[in-house]
Amino acid sequence: MMKFWKRNKLKERELAAQEEANRLKKLELEAKHRQSMANERVIAFMQEMQSANTAPQGYQMPDIPAGVVPKGRKPAIAQDSLTSSYAFDINAPHFYPCFIGYQALASMSQSTDYRCVYEATAQEMTRTWGEVKVANDSNDKDYRDKIKSIEARMDALNIRELMRHHIENEMIFGRSQIFINIKGHENQKDIPLLIDKAVLGKGCLKGLKLIEPIWTTPSFYNASDATAADFFKPSKWFVMGEEVHADRLLTLVMRPVTDMLKPAYNFSGISMLQLMQPYVERWQRTVDSVSELIHSFSLTGIKTDMSNILAGGDDGVTQLLLRSKLFSQLRGNQNLMLLDNDNEEFFQFNTPLSTLDNLLQKSQEQMAAPSRTPLVKLLGITPSGLNASSDGEIQVYHEYISGMQEAHLLPQLTAIIKLIQLDLFGEIDPQIVFVFKPLEQLNKEQEANTDKIKAERDNALINAGVLSQEEVRARLAKDESGDYSGIDVEDVPEQPQWDFNHGNNQEEADNTAGTMA
């Protein structure tokens with residue numbers, strides 16, 4: 001009986017052990033399964049992050065405020081307009097993955113690091129401005145009167161200031177538009193505007209109004225015929241609920257994007273602020289890092305006995321706090337610092353700051369790269385070093401600004417000059433044009449040297465028989481910036497007769513001879 005009972009007990013123990021082993025094995029399998037699932041999730045997350053970094057960048061429809069598109073109408077830019085972007089943009093991540101939005105650009109324009117660029121460029125492009133001239137350089141009195149009337153009308157419309165804000169607007173948002181307000185056309189904004197005397201007469205121009213791009217969006221554009229002249233060029237725009245023909249808007253886009261990206265940018269170009277964003281953000285991070293480094297460049301401490309602190313005693317903590325407070329109060333150039341000769345040691349670690357100025361300078365110079373603006377123009381920073389000069393950089397910058405004036409401002413100013421001629425005279429004279437003045441300005445000494453060189457050149461040409469005195473006087477009379485503007489061209493003074501052998505003129509020589517006789 002006892003043996004039977006022992007066998008049963010042994011069997012029960014074996015079964016219990018087997019069950020425990022099965023339970024442990026099950027737990028082990030479940031743990032392995034959970035570990036495998038966790039590994040799969042980690043791998044999937046890493047693959048997702050990698051694909052996010054290498055996948056094509058998606059472009060979304062621009063955010064247009066309510067009221068721009070009239071009720072019951074659909075905008076011309078829809079999400080299907082952006083399918084080509086998804087199909088072809090397979091590049092790796094870059095600085096400018098998409099249009100960052102007008103709201104973000106408006107917020108960035110409040111920063112000095114961004115604002116100094118577009119203000120400096122707009123100011124430079126309108127600094128010396130220009131003048132209305134006659135293409136064939138005629139000195140006709142009728143032309144002079146016409147030009148004075150046109151310039152007076154331009155001053156009344158404040159064209160120079162309008163163009164400066166026009167440039168700033170474009171550099172902030174990537175696009176700027178000026179609405180041409182014609183009298184009697186209040187209900188004809190959606191039809192083309194022909195700048196011709198057959199359509200417009202005297203008193204036709206009511207004014208010009210600058211419009212920010214957030215209030216406009218295309219209402220129609222050709223996206224089907226790539227051979228047409230208006231391919232991906234809006235022919236009509238929605239302007240706060242009204243449809244306006246493109247002919248009535250002077251649209252300025254100085255940095256256009258490709259056709260593939262135009263819908264994503266609301267048919268604007270790339271904003272200068274968006275081009276500057278990575279450079280400015282790096283500069284701001286560098287400045288913040290240098291500021292933190294300077295704030296904590298010196299680490300001061302005491303090597304002391306920490307055994308009581310490590311043991312967890314309250315008395316040790318209290319003594320350490322009192323010691324630290326005493327050290328902080330006594331430290332300084334005019335105080336006395338006391339240390340335990342056996343248990344304490346003073347130390348100080350200082351971070352070298354000798355190269356931080358060079359680091360800041362290099363980072364700041366990069367901010368000027370997108371706008372091609374010399375630092376002396378952008379930030380007022382002059383070059384340092386022996387014989388350092390910014391003359392070469394400024395000359396290249398002036399060439400760049402001059403090219404921008406001719407390419408982007410001159411066509412719009414030409415249209416404005418034609419509108420003003422129709423408004424004043426009822427007709428357009430193609431000989432009247434607008435010409436930008438040189439960006440380089442000479443000082444008094446340089447002007448005097450230039451006048452001297454011109455006078456010597458004119459004298460040599462007259463003596464050689466290439467030019468006559470009347471021709472030289474005619475040029476001097478037309479030069480309104482010179483000292484001889486408006487002189488009588490035909491009233492040429494007689495040339496004195498010089499006796500180069502005696503250094504006096506002939507009349508003085510005759511008088512001298514008569515006196516001696």
Side-chain angles (χ1 to χ4, degrees), residues 121-136 143-171 173 175-186 188-189 191-213 215-216 233-235 237 239 244-254 269 401-437 439:
T121 304
Q123 181 67 29
E124 190 68 19
M125 291 182 71
T126 58
R127 174 173 57 86
T128 57
W129 195 226
E131 57 183 343
V132 181
K133 299 181 67 176
V134 182
N136 59 6
Y143 271 125
R144 291 202 302 269
D145 294 340
K146 275 188 175 182
I147 289 174
K148 288 182 179 179
S149 300
I150 293 172
E151 290 179 341
R153 182 64 169 144
M154 291 181 70
D155 292 339
L157 293 171
N158 206 7
I159 298 298
R160 183 176 182 178
E161 189 71 9
L162 178 68
M163 298 307 292
R164 185 176 69 83
H165 287 297
H166 196 32
I167 298 167
E168 290 181 353
N169 208 23
E170 192 280 339
M171 297 189 72
F173 298 111
R175 171 166 55 85
S176 182
Q177 292 172 303
I178 295 177
F179 172 66
I180 303 173
N181 195 357
I182 301 297
K183 292 181 181 179
H185 287 204
E186 289 77 9
Q188 304 176 23
K189 296 179 181 178
I191 64 174
L193 175 64
L194 183 62
I195 303 179
D196 189 85
K197 65 179 182 179
V199 179
L200 304 177
K202 288 186 178 181
C204 62
L205 184 59
K206 191 174 181 180
L208 301 169
K209 179 67 173 66
L210 185 69
I211 302 175
E212 293 186 3
W215 310 123
T216 65
K233 293 181 180 179
S235 58
W237 295 79
V239 182
V244 179
H245 199 275
D247 291 346
R248 299 178 182 270
L249 294 168
L250 298 175
T251 302
L252 179 64
V253 177
M254 295 193 290
I401 292 295
S402 179
M404 297 283 284
Q405 288 176 333
E406 296 292 331
H408 301 292
L409 290 191
L410 187 58
Q412 301 199 357
L413 287 169
T414 300
I416 292 175
I417 294 294
K418 291 180 179 179
L419 286 168
I420 291 177
Q421 288 190 68
L422 290 172
D423 181 61
L424 294 176
F425 317 121
E427 60 181 2
I428 298 175
D429 189 339
Q431 296 296 323
I432 297 179
V433 295
F434 186 87
V435 178
F436 284 103
K437 295 180 180 179
L439 294 170

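Atoms considered below: every heavy atom in the structure, side chains included; atoms not considered: hydrogens, waters and symmetry mates.
- Taking 4.5 Å as the limit, every side-chain heavy atom of Glu131 sits out of range of all side-chain heavy atoms of Ile147.
- Contact record, Ile432 with Ile150: CG2-CD1, 3.8 Å, taken as the closest heavy-atom pair.
- No side-chain donor from either of Glu170 and His166 sits under 3.5 Å from a side-chain acceptor of the other.
- The aromatic ring centres of Trp237 and Phe179 sit 6.0 Å or more apart.
- Between Pro192 and His245, the shortest heavy-atom distance links the atoms CG-NE2, 3.5 Å.
- Side-chain contact check for Leu249 versus Val244: some heavy-atom pair is nearer than 4.5 Å.
- Here the CD-OG distance, from Glu124 to Ser402, works out to 10.5 Å after rounding to the nearest 0.5 Å.
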Could you go through the side chain to side chain contact (heavy atoms under 4.5 Å, CB included) check for Ile401 and Thr121 one step at a time? CA-CA 8 Å; Ile401 292 295; Thr121 304; 4.2 Å; yes
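- In this structure, the separation between CD1 on Ile195 and CD1 on Ile417 is 11.5 Å, given to the nearest 0.5 Å.
- In terms of modelled atom types and a separation under 3.5 Å, the side chain of Arg164 and the main chain of Ile159 share no donor-acceptor contact.
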Q.
Please evaluate residues Val132 and Met154 with respect to the criterion side chain to side chain contact (heavy atoms under 4.5 Å, CB included), reporting the C-alpha separation (whole Å), side-chain torsions for both, the decisive distance (0.1 Å), and the verdict.
A. CA-CA 10 Å; Val132 181; Met154 291 181 70; 3.9 Å; yes
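- At least one side-chain heavy atom of Pro213 sits under 4.5 Å from a side-chain heavy atom of Asn169.
- The shortest heavy-atom contact between Leu194 and Val199 is O-CB, 3.8 Å.
- Arg160 places a side-chain N or O within 3.5 Å of a backbone atom of Thr126 that can act as its donor or acceptor partner.
- Residues Leu205 and Leu157 have side chains in contact (heavy-atom distance under 4.5 Å, counting atoms from C-beta outward).
- Ile191 is listed as a side-chain neighbour of Arg248, based on a closest heavy-atom distance under 4.5 Å.
- Arg153 has a carboxylate O that lies under 4.0 Å from a charged side-chain N of Asp423, or vice versa, which qualifies the two as a salt bridge.
- Heavy-atom minimum distance, Leu439 versus Arg127: O-NH2, 2.8 Å.
- Contact annotation: the side chain of Lys133 never approaches that of Phe434 to less than 4.5 Å [non-hydrogen atoms, C-beta and beyond].
- Here the side chains of Leu162 and Leu210 are in contact, with some heavy-atom distance below 4.5 Å.
- Stacking of Lys146 on the aromatic ring of Phe425 is recorded, both the 6.0 Å distance cut-off and the 45° axial limit being met.
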- Message: side chain to side chain contact (heavy atoms under 4.5 Å, CB included) for His408 and Met125? Distances and angles first, verdict last.
- Response: CA-CA 11 Å; His408 301 292; Met125 291 182 71; 5.5 Å; no
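- In this structure, Lys148 does not pair ionically with Glu151, as no charged nitrogen and carboxylate oxygen lie closer than 4.0 Å.
- When every heavy atom of Ala246 is checked against every heavy atom of Pro234, the shortest pair comes out as CB-O, 3.5 Å.
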Discussion item. Side chain to side chain contact (heavy atoms under 4.5 Å, CB included) for Trp129 and Lys437? Distances and angles first, verdict last.
Written reply: CA-CA 6 Å; Trp129 195 226; Lys437 295 180 180 179; 5.8 Å; no
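- Taking CG from Asp247 and CG from Leu193, the interatomic distance works out to 6.5 Å, rounded to the nearest 0.5 Å.
- Side chain of Glu186 to backbone of Gly184: a donor-acceptor contact under 3.5 angstrom is found.
- One finds the CG atom of Leu250 at 5.5 Å from the CD1 atom of Ile416 (value rounded to the nearest 0.5 Å).
- For the residue pair Gln177/Thr216, the side-chain donor-acceptor check at 3.5 Å is satisfied.
- Taking CG from Leu200 and NZ from Lys202, the interatomic distance works out to 14.5 Å, rounded to the nearest 0.5 Å.
- Here the CG-NZ distance, from Asp196 to Lys418, works out to 9.5 Å after rounding to the nearest 0.5 Å.
- Side-chain contact between Leu409 and Met163: present, with at least one pair of heavy atoms (C-beta onward) separated by less than 4.5 Å.
- Listed here is the closest heavy atom pair of Leu419 and Cys204: O-SG, 4.4 Å.
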